[in-house]
**Q** 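Okay, here's the structure, questions in a sec.
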There are 2 protein chains.
Amino acid sequence: MKHTLSVLVKNRAGAVAEATDVFRRRGISFRSISCAETEDFDVSRLVLTVEDHEAELESIADELRAQDVVAMVEDLSRRDFVDRELVLVKVDVTRETTTQIMQVCEVFRASVIGMGQETMTVEMTGDTQKVDGFIRMLRPFGIRSLARTGVVAMKRGDDD
Amino acid sequence: MKHTLSVLVKNRAGAVAEATDVFRRRGISFRSISCAETEDFDVSRLVLTVEDHEAELESIADELRAQDVVAMVEDLSRRDFVDRELVLVKVDVTRETTTQIMQVCEVFRASVIGMGQETMTVEMTGDTQKVDGFIRMLRPFGIRSLARTGVVAMKRGDDD
C-alpha cells in the first residue's frame, strides 16, 4: 500500500537532505518526492510517497518531528485528501498513430505542449492511478522520455 | 538567475539523500526539488532548481556524476527545454469574491477540484513564472494552503 507523508521543512540548505536521511538510514526508498515553496516563504512542503513499511511510519514521523528543520509532519494516508501529480511524456508519432494518440490525450484531458518531426510532447495531471493509466496507454506507441513531478496533496474541505 | 539540473538516479534507498547532500555540504538550498519514476523502472529523474551559484554548478555536476547512484546529470538552464510545475491552492471564498476568483482561474486555465464552506481548492499547471503569477493574483483573497510540485523539465524537439 502507498503512504503519503507531508513534511513542512524550514527553508535552509540541507533541509531536504536531513529529512530524507531518516529514510536512507532505514533502507527505505521513495516512490516519489516533491518539495517546493508554500504560502509561507520560510517553509517548504516536502511530500514523500513510500510503498509499504506501515509498521515503521509512526516512528519515522516521530524521528522527523524531532529534527530541527522540520516544522510539521502529517501522514496523509490517514485522512481525506486530494493528491495530484504532473507528467510530461514525449511519445513517438507517425502519420498512422497520431489520431489514436490524440484520442488517448482527449480521454485523459492531456494537453499537447510540443511537436517534433517524430514525437509529440504531452502534459497531463491527475492522481497517481490516473497518471499510471495514461502512461500505460501511451507505452505501446513508444515513450521516448518521461518526467513525473511526484505527488502533492491537500486536505479536502476548509482546513489548511 | 534560476538554474535547473536534471539528474537521473538509480532507484535505491538513499539515492535522493546522497545526491542532495552534495548541495548541503556547500550550503546551497533548493528553490524546488522533484523526483519520480521515469520510463525506465530502475531509474528516477530528480529535478532540482537553485537560484544563483552559477560559478559552482559545473563542479557540482561533476561531483554528482562521480556518485555511484547517479546515472546522468544535465544542466537544463543551458538548453532549450519546456518546464512545468503543478500547484494546488486552497483560497478563501465569499459570495462576493467567487466570480473574481473564477475569472482568475479562467485566465490561468486553472481547474476547481474542491469546494468547502469557505474555501475553493484549485489546480493549475504552467512554468514557474506562470505559477508565480497565479499565486500573486490569488493572494489578496486569502490563501489558506498551497502546495507546489517543483519543476519537471523536458527537452524540446525529438531528443530524449
Side-chain angles (χ1 to χ4, degrees), chain A residues 6 11-18 20-21 23-39 44-47 82 84-90 111 113-114 116-119 121 123 125 135 139 143-160, chain B residues 6 11-18 20-21 23-39 44-47 82 84-90 111 113-114 116-119 121 123 125 135 139 143-160:
Chain A
S6 170
N11 270 338
R12 75 161 82 135
V16 172
E18 278 182 51
T20 53
D21 200 55
F23 296 83
R24 188 191 57 78
R25 286 200 303 270
R26 291 165 182 261
I28 298 174
S29 53
F30 309 111
R31 179 88 199 267
S32 81
I33 173 171
S34 78
C35 186
E37 289 156 43
T38 64
E39 62 279 19
S44 287
R45 187 188 309 270
L46 178 67
V47 179
V82 281
R84 284 288 185 282
E85 56 180 312
L86 181 151
V87 65
L88 301 179
V89 185
K90 188 176 290 182
S111 323
I113 59 168
Q117 297 292 322
E118 309 158 0
T119 62
T121 301
E123 170 198 324
T125 64
I135 294 168
R139 193 163 289 135
I143 292 178
R144 204 168 284 202
S145 190
L146 187 156
R148 291 169 84 143
T149 55
V151 174
V152 283
M154 190 164 280
K155 274 181 239 168
R156 293 185 197 274
D158 290 328
D159 291 348
D160 66 0
Chain B
S6 169
N11 269 337
R12 75 161 80 136
V16 173
E18 277 182 52
T20 54
D21 200 55
F23 296 83
R24 187 191 57 79
R25 287 199 303 270
R26 291 165 183 261
I28 298 174
S29 54
F30 310 111
R31 178 89 199 267
S32 81
I33 173 171
S34 78
C35 186
E37 289 157 43
T38 65
E39 62 280 19
S44 288
R45 187 188 311 269
L46 178 65
V47 180
V82 281
R84 284 288 185 283
E85 55 181 312
L86 181 150
V87 63
L88 301 179
V89 185
K90 187 176 291 182
S111 324
I113 58 167
Q117 296 292 321
E118 308 157 1
T119 63
T121 301
E123 171 196 323
T125 65
I135 293 168
R139 193 164 288 136
I143 292 179
R144 205 169 283 203
S145 190
L146 187 155
R148 290 170 84 143
T149 54
V151 174
V152 284
M154 190 164 280
K155 272 179 243 171
R156 294 183 197 274
D158 289 330
D159 291 348
D160 65 0

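Proteins come first, then strands; the chains are lettered A, B, ... in the order of their sequence lines, and each starts at number 1.
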**Q** For chain A, which of B:V87, B:I143, B:I113 has the most heavy-atom pairs under 4.5 Å?
**A** B:I113
**Q** Select one option (side chain, backbone, both, neither) describing which atoms of B:E39 are under 4.5 Å from chain A's heavy atoms.
**A** both
**Q** Rounded to the nearest 0.5 Å, what separates atom CG in B:L46 from atom CD1 in A:I33?
**A** 7.5 Å
**Q** If you count heavy-atom pairs within less than 4.5 Å of chain B, which of A:R156, A:R31, A:R12 leads?
**A** A:R31
**Q** Grab the two heavy atoms, one from B:G150 and one from A:A36, that are nearest each other, plus how far apart they are.
**A** N-CB, 3.7 Å
**Q** Starting at CD1 of A:I135, measure out to CD of B:E37 and round the result to the nearest 0.5 Å.
**A** 8.0 Å
**Q** Which heavy atom of A:K90 sits nearest a heavy atom of B:D158, and at what distance?
**A** CD-O, 3.9 Å
**Q** For A:V16 and B:T20, which heavy atoms make the closest approach, and how far apart are they?
**A** CG1-CG2, 4.3 Å
**Q** I need the residue from B:R25, B:R26, B:E85, B:E123 with the largest number of non-hydrogen atom pairs under 4.5 Å to chain A.
**A** B:E123
**Q** Is B:L88 close to chain A through its backbone or its side chain, or both, or neither, when contacts mean heavy atoms under 4.5 Å?
**A** both
**Q** At their closest point, which heavy atom of A:A153 faces which heavy atom of B:A147, and how far apart are they?
**A** O-CB, 4.1 Å
**Q** Is B:T38 close to chain A through its backbone or its side chain, or both, or neither, when contacts mean heavy atoms under 4.5 Å?
**A** both
**Q** For chain B, which candidate among A:S29, A:S32, A:C35, A:G14 shows the most heavy-atom pairs at distances under 4.5 Å?
**A** A:C35
**Q** Write down the atom of B:T149, the atom of A:S34, and the distance for their closest heavy-atom approach.
**A** O-CB, 3.2 Å
**Q** With chain A as the partner, which of B:A15, B:S6, B:A17, B:G116 has the greatest number of non-hydrogen pairs under 4.5 Å?
**A** B:A17
**Q** At a heavy-atom distance under 4.5 Å, which candidate from A:R84, A:R45, A:R139 has the highest pair count against chain B?
**A** A:R84
**Q** Which bit of B:V89 comes within less than 4.5 Å of chain A, counting heavy atoms only: side chain, backbone, both or neither?
**A** backbone
